[in-house]
There are 4 protein chains.
Amino acid sequence: MSEPNRGGRPRSSRSTDAVLSATRDLLAEVGYERMTIDAIAAKSGVGKMTIYRWWSSKSAIVADAVIEGVITIAPFSFPDTGDLRADLHAWLMPAVGLATPPEVAALALAMTAATTGDVRTGEALYERFTGRDRQALIDRLQKEVDSGRLGSDVDLSVAVDMLFGVLLYRLVTRAEPSEQYARDLTDLVVGGLET
Amino acid sequence: MSEPNRGGRPRSSRSTDAVLSATRDLLAEVGYERMTIDAIAAKSGVGKMTIYRWWSSKSAIVADAVIEGVITIAPFSFPDTGDLRADLHAWLMPAVGLATPPEVAALALAMTAATTGDVRTGEALYERFTGRDRQALIDRLQKEVDSGRLGSDVDLSVAVDMLFGVLLYRLVTRAEPSEQYARDLTDLVVGGLET
Amino acid sequence: MSEPNRGGRPRSSRSTDAVLSATRDLLAEVGYERMTIDAIAAKSGVGKMTIYRWWSSKSAIVADAVIEGVITIAPFSFPDTGDLRADLHAWLMPAVGLATPPEVAALALAMTAATTGDVRTGEALYERFTGRDRQALIDRLQKEVDSGRLGSDVDLSVAVDMLFGVLLYRLVTRAEPSEQYARDLTDLVVGGLET
Amino acid sequence: MSEPNRGGRPRSSRSTDAVLSATRDLLAEVGYERMTIDAIAAKSGVGKMTIYRWWSSKSAIVADAVIEGVITIAPFSFPDTGDLRADLHAWLMPAVGLATPPEVAALALAMTAATTGDVRTGEALYERFTGRDRQALIDRLQKEVDSGRLGSDVDLSVAVDMLFGVLLYRLVTRAEPSEQYARDLTDLVVGGLET
DNA sequence: TCGTAAGCGAGACGGTACGTCCGGTCTTTTC
DNA sequence: GAAAAGACCGGACGTACCGTCTCGCTTACGA
């Protein structure tokens, strides 16, 4: 039971796609701050009015691009070798141990910037951007709890928040990646959970 | 052995103060994004040229205001009752357990926004904004290590990063404050360190 | 013996009427410059495409409205009492002697504006708008020539041009109406023709 | 006793000149309707804000250009050979007898268009644009009256209105120039005045 | 003591991008 | 197959700030 849609030209999916693609490209090229709506319109070949008809702000476009999957981060696939410490370390390496790919870093900063100015898009955006990895991580930890290798005292989402939090913190402070850091972080978190 | 300074009117401290105060007020009123240099000039009664003579960007002004102490956060004084768990919980409460004062939240978001666009001011700014508390926290933890109540395996700064990181993460995601959260966080961190 | 018209919905006279009426109303409300095709479509309830199907431009709609009699100027009925001077004075009075009705003035200015930008519609428009009065005036003057009360030397259309010209000139310069002016004008024209 | 001018960079006469010159050129190139403020800004190298700071509308710029003498019409110098009929005929020839220079025609139409949309600029504009010739013509006619060759009954300005009026009328209706027309017009006006 | 040189407020300047509006076209469903 | 509805691209609109540039006016050394 969809909309009655009484007359009128339907929304062009071509325009939507073109806008989101152009946004993805421009984000990579010039970054969030220097990306302008005029440039998105020019690059996508979509009229500015059409953009403003469907999105309320620059951050809303970015959020939509993330939600629609036009902007994707390489999936931090979370391994499951049975050894939590090794798995966590492997998962952390790209983010804090080795150089994060610049486009991922730029995107994360872009979203952080978008978030600071607008509560609503921020929520949706973080949810979508980190949701999948959050859940994968929580599932992995829960499995350890179920098998008795971890205590069941603490809310696992708190542990996950700490991991994502430290990633974000090091991102905005532009901390240098370090393998030792990944190891220390792993020890700390697993140590806290094992209690 | 100061500058030769042959003649000329010296820099007016009145102008500096007026600019930093106006910046502090405007940050609270409209937030970082919507605060303009024109507005700072108008509110402070200082000419735009004078502002640009002494500061290179909006984020530089904010950074200076923090550094000069014109913008202050209520000092998260770190207690020392001898009970680390109790102390940590007490310290975390204002940030994640109870409502963070809006002006502090707005300021932290402002600095985060400033950081995303400009690497250098970001570093100085975070250093100054969190440096004192970071050091106090590290000192407190080191004391526990020295007295043998905590293991000496992990770099304490990693633990501190996690704490500041989760604070930042919950700030940008606008997470609701919760006393239970403060307790879980305390358990997790102390648990990890005690190992 | 009408059009073949195989199938299809016939042109709606309701639409035509609605467009022309809306044009008339909008001209009076906001003037020619600020009247938009969008507004005509909205007010008339007619689709923009339908408007563009039948009219090529804003001035074409106005011209059609004049031609179809939807927009009418109070007929400057040219009297014929046998006394040319009195008749001419009576005819001029509304235009330069007394206040011209604002809607007539606005319409004449609208057409002048339309004319300045588009040669073709301008010609048709002026022809239609002033044609009837021009001819009535020429006929009246010719009658005087035929009866010998006026000389036959000059082209009467020149005299008529002068009359319409001065009307237009005073319209665009927003000259104040004046009874004396009507009298002077009459004297001048009749004087010139009597020679 | 000029303005005190307390502080601030003074208005740049260079900008004013550049805007008015660009306006003059664009009027000749594309006409009043198709001339945009953006184009004036681009061609003159003056910021749009600066234009809007000093002029309220497109017609205001045109009016100013005329008033400042940046836009000039070749002076219809009014001859004085002692023979009014010959002089009048000579004066009329360029306007209605021979082809009016296109740039003058375009300019006059531009001003007419400007006038139809804005009362105030219209008044100032016509006054400046036609004022000099009006006065020269009136002076010439007055001389004839003084020497008794013309009657003193009618207001001379009415006669002048008729001449300018018929010029405007033929301009907006795009009437073809014609030498015969100039002759008929001369006869008519002089005939009316001689009475 | 007084010239002089830099700092200062004010605010105009050339730009860039904004978000809105309208012109003219295109594409649906409805009649 | 025309009409309504309304989304579409393009482009001008008038505004807001940016960072720079004069101005005329303080200051407070140092000659």
Side-chain angles (χ1 to χ4, degrees), chain A residues 4-12 14-16 18 34-42 44-54 56-58, chain B residues 4-12 14-15 18 34-42 44-54 56-58, chain C residues 5-12 14-15 34-42 44-54 56-58, chain D residues 4-12 14-16 18 34-42 44-54 56-58:
Chain A
N5 189 16
R6 310 211 294 98
R9 179 180 181 170
R11 177 171 177 180
S12 160
R14 200 210 125 272
S15 295
T16 305
R34 282 195 297 277
M35 176 177 69
T36 67
I37 304 246
D38 276 359
I40 294 174
S44 64
V46 167
K48 251 200 313 178
M49 256 327 271
T50 302
I51 295 179
Y52 281 106
R53 200 195 317 277
W54 300 114
S56 62
S57 67
K58 190 165 68 167
Chain B
N5 189 14
R6 305 207 302 98
R9 179 180 180 174
R11 176 172 178 179
S12 158
R14 200 210 125 272
S15 295
R34 284 196 295 275
M35 177 177 70
T36 67
I37 304 243
D38 277 359
I40 294 174
S44 65
V46 168
K48 263 207 298 182
M49 201 55 222
T50 302
I51 294 179
Y52 280 104
R53 197 194 315 276
W54 301 113
S56 62
S57 67
K58 188 165 69 168
Chain C
N5 193 11
R6 303 204 302 96
R9 184 175 177 173
R11 175 171 180 180
S12 160
R14 200 210 124 270
S15 294
R34 284 194 297 275
M35 177 177 70
T36 67
I37 306 250
D38 276 2
I40 294 174
S44 65
V46 168
K48 263 207 298 182
M49 199 57 223
T50 303
I51 294 179
Y52 280 106
R53 194 193 315 281
W54 301 113
S56 62
S57 67
K58 188 164 72 168
Chain D
N5 189 18
R6 307 213 295 100
R9 180 178 178 172
R11 177 171 179 178
S12 159
R14 199 211 126 272
S15 295
T16 306
R34 284 195 295 276
M35 177 176 70
T36 66
I37 304 244
D38 276 359
I40 294 174
S44 64
V46 167
K48 258 205 303 181
M49 260 323 276
T50 302
I51 295 179
Y52 281 107
R53 198 193 323 275
W54 300 114
S56 61
S57 66
K58 189 164 70 167

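Protein chains get the first letters and strands the later ones, always in sequence-line order, with residue 1 at the start of each.
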Suppose we screen for side-chain hydrogen bond (donor to acceptor under 3.5 Å, both in side chains). Which residues come up paired with Ser15(D), at least two apart in sequence or across chains? Ser12(D)
If the sugar-phosphate is the primed atoms plus P, OP1 and OP2 and the base is the rest, what is the B/S/- string for nucleotides 15-20 of chain E, using protein heavy atoms under 4.0 Å? B-SBBB
Taking only the side-chain nitrogens and oxygens of Arg11(B), find out if one of them lies under 4.0 Å from OP1 or OP2 of dA6(E). no
Qualifying residues under side-chain hydrogen bond (donor to acceptor under 3.5 Å, both in side chains), relative to Ser44(C), sequence neighbours excluded: none
Non-neighbouring partners of Arg9(A) that pass side-chain hydrogen bond (donor to acceptor under 3.5 Å, both in side chains), sequence neighbours left out: none
Under-4.0 Å side-chain N/O to phosphate OP1/OP2 contact, Ser15(D) with dG14(E): yes
Rounding to a whole Å, what distance do you find between Arg14(B):CZ and dT26(F):C1'? 13 Å
Not counting sequence neighbours, which residues clear side-chain hydrogen bond (donor to acceptor under 3.5 Å, both in side chains) with Arg53(C)? List them please. none
Can you see if the side chain of Trp54(A) gets near the phosphate of dC8(F) - specifically, an N or O under 4.0 Å from OP1 or OP2? yes
Taking only N and O in the side chain of Ser12(B), is any of them less than 4.0 Å away from OP1 or OP2 of dT27(F)? no
Could you list the residues that satisfy salt bridge (Lys or Arg N to Asp or Glu O under 4.0 Å) with Lys48(A), not counting sequence neighbours? Asp38(A)
For Ile51(C) and dA2(F), give me the distance from atom CD1 to atom P, rounded to whole Å. 17 Å
Spell out, as yes or no, whether a donor-acceptor pair under 3.5 Å connects the side chain of Lys58(C) to the backbone of Ile37(C). no
Compare side-chain N and O positions of Arg53(C) against OP1 and OP2 of dA2(F) and report whether any pair is under 4.0 Å apart. no
For dC23(F) and Arg9(D) - does any side-chain N or O of the residue sit under 4.0 Å from the phosphate oxygens OP1/OP2? no
